[in-house]
Amino acid sequence: MGLSGIQIFKLTPKKNCKECGCPTCMAFSMKVAQGALEISKCPHMSEDALAQLSEATAPPMKTIKVGSGDNEFTLGGETVLFRHEKTFVSKTRYAVSLCTCMDDAAIDAKLAAIPKVDYERISERMFVEMIYVNYEDGADKDRYVEIVKKAAALGRTLVLGCKDIEAAKAALAVCKDGKPVLNGADASNYAEMSAVATEAGVVLGVTGADLNELYDTVAALEKAGNKNLILDVGTKSIKEAYGNAVQIRRAALKDQDRTFGYPTLVNLSVLAHGDRNLQQALASMFTMKYGSIVVMEQLEYAEALPLFGLRQNVFTDPQKPMKVEPGIYALNGADENSLCLTTVDFALTYFVVSGELERSGVPCNLIISDAGGLSVLTAWAAGKLSSTSVSKYIQENVEDKVKCRKLIIPGKVAVLKGDIEAKLPGWEVIVAPLEAVQLVKFLKDLTA
């Protein structure tokens with residue numbers, strides 16, 4: 001169980017220096033106890049106090065980092081079982097699987113398809129983040145290394161599914177700088193695999209015949225000093241893998257059992273081999289409960305669009321609205337002479353409206369002002385979207401960047417038309433249709 005604010009306060013320097021961002025050491029201690037701040041934010045904490053507090057105040061699930069550079073990802077660090085309690089911390093990462101059982105043509109085709117899924121949604125890049133390279137027992141080690149080289153050339157974080165010690169060493173020799181995951185430890189080889197992973201400085205994936213064996217293996221690895229781990233939930237059956245994922249998370253967060261306090265890996269390419277639709281359904285399920293890395297046979301747009309959308313919604317703070325950055329968004333090659341439209345910064349509104357504007361093919365500048373991440377009517381009712389806010393934003397941020405003086409406002413706030421025109425001399429305010437789907441015809445008729 002974590003320490004209380006009073007227990008943490010007793011170990012603070014009690015300077016009330018405010019350098020941590022809090023007005024007093026007591027306020028700082030309370031935030032640390034709640035998980036809102038890290039104990040290291042206090043610059044005057046003694047080494048002894050830090051040593052005592054760091055482990056006690058750390059999340060029950062250890063934070064593990066994989067990959068390097070732009071492809072470094074944080075896994076784990078979770079503090080709640082359910083998103084509505086607080087928020088999930090580290091989003092699920094998706095991997096496409098390769099295997100030594102595949103011929104070169106199939107491997108090359110998969111590798112060529114991976115970069116094709118790469119787009120941006122609500123200021124977040126959506127792409128295939130990892131590649132799982134599996135080594136089958138008895139396969140040619142040299143060929144495995146060549147496949148690993150090909151996969152590493154894409155610049156994605158690798159997961160090496162390999163239980164053969166020598167094959168693992170050879171593969172890590174060519175990719176360890178990218179900080180891959182070595183997923184190959186079990187009850188029979190964990191000591192040797194741990195030595196290989198530790199020497200290479202990479203995360204070790206651990207699995208077991210059942211949860212008891214997995215638990216004992218992790219405990220043995222921790223006793224030997226290796227806590228840089230990720231837990232493979234197994235591939236016997238979908239039911240068992242799901243049960244393992246849930247029980248591991250519950251044991252770590254509810255029961256505070258830190259032996260199971262690690263991120264998890266789910267290999268759908270084995271659990272639902274050859275069934276693309278089932279893998280898609282399972283990927284959605286394990287995104288919510290509780291896969292840190294989910295491995296699929298393929299991840300093309302058909303899988304990616306709904307899956308990344310789901311992930312983005314699950315791994316956002318439920319207490320904060322999803323919103324886009326205020327600014328001028330030029331669509332369809334718009335320039336300073338193009339039509340101007342305005343709407344709120346609520347992400348769903350932005351994507352619905354911008355999608356219809358792009359579909360129209362009419363060059364236009366979409367002006368987004370700060371409306372608190374609320375929808376049009378909600379922002380209007382709350383006073384976040386008003387003639388004053390719209391006119392002020394345009395005067396301060398838009399007028400010197402565009403020459404067009406036609407502004408289209410949402411149809412649901414047509415009542416603002418007169419006031420905006422009064423506050424923006426020289427501008428013509430046009431009321432858009434009530435529904436975004438009507439924008440295509442509206443714009444084409446307007447510019448005909």
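Nothing fancy with the numbering, it's 1 onward along the sequence.
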K62 side, atom NZ; L75 side, atom CG - distance, nearest 0.5 Å:
13.0 Å
Sequence neighbours excluded, which residues qualify as side-chain contact (heavy atoms from CB on, under 4.5 Å) partners of D140?
D142, R143
By side-chain hydrogen bond (donor to acceptor under 3.5 Å, both in side chains), which residues pair with E399, not counting sequence neighbours?
W427
Please list every donor-acceptor pair under 3.5 Å in which a side-chain atom of residues 161-171 meets a protein atom from a residue at least two apart or in another chain.
unit_1 : atom_1 : unit_2 : atom_2 : d
K163   : NZ     : D186   : OD2    : 3.3
D164   : OD1    : E166   : N      : 3.1
D164   : OD1    : A167   : N      : 2.9

Considering residues at least two apart in sequence or located in another chain, which fulfil the ring-ring contact (aromatic ring centres under 6.0 Å, His included) criterion with Y242?
none
Only pairs at least two apart or in different chains count here, so list each side chain to side chain donor-acceptor pair (under 3.5 Å) that has a residue in residues 194-212.
S194-N226
Does anything in residues 338-352 form a side chain to side chain donor-acceptor pair (under 3.5 Å)? List the pairs, not counting sequence neighbours.
D335-S338
Can you list the residues that meet the side-chain contact (heavy atoms from CB on, under 4.5 Å) rule with K254, with sequence neighbours excluded?
L81, R250
Only counting residues at least two apart or in another chain, list the ones meeting side-chain contact (heavy atoms from CB on, under 4.5 Å) with A252.
none
Taking only residues two or more places apart in sequence, or in another chain, which ones meet T74 in a side-chain contact (heavy atoms from CB on, under 4.5 Å)?
T63, K65, S90
Where is the tightest heavy-atom contact between F260 and L211, given as atom of each residue plus distance?
CZ-O, 3.7 Å
List the atom pairs, donor and acceptor, that lie under 3.5 Å between side-chain atoms in residues 279-286 and the rest of the protein, sequence neighbours left out.
unit_1 : atom_1 : unit_2 : atom_2 : d
Q279   : OE1    : E297   : N      : 2.9
Q279   : NE2    : A272   : O      : 2.9
Q279   : NE2    : E297   : OE1    : 2.5
Q280   : NE2    : E303   : O      : 3.3
S284   : OG     : Q280   : O      : 3.2

Name all pairs fulfilling the side chain to side chain donor-acceptor pair (under 3.5 Å) condition that reach into residues 351-362, sequence neighbours left out, sorted by first residue then second.
E356-R359
ring-ring contact (aromatic ring centres under 6.0 Å, His included) partners for F315, two or more places apart:
F88
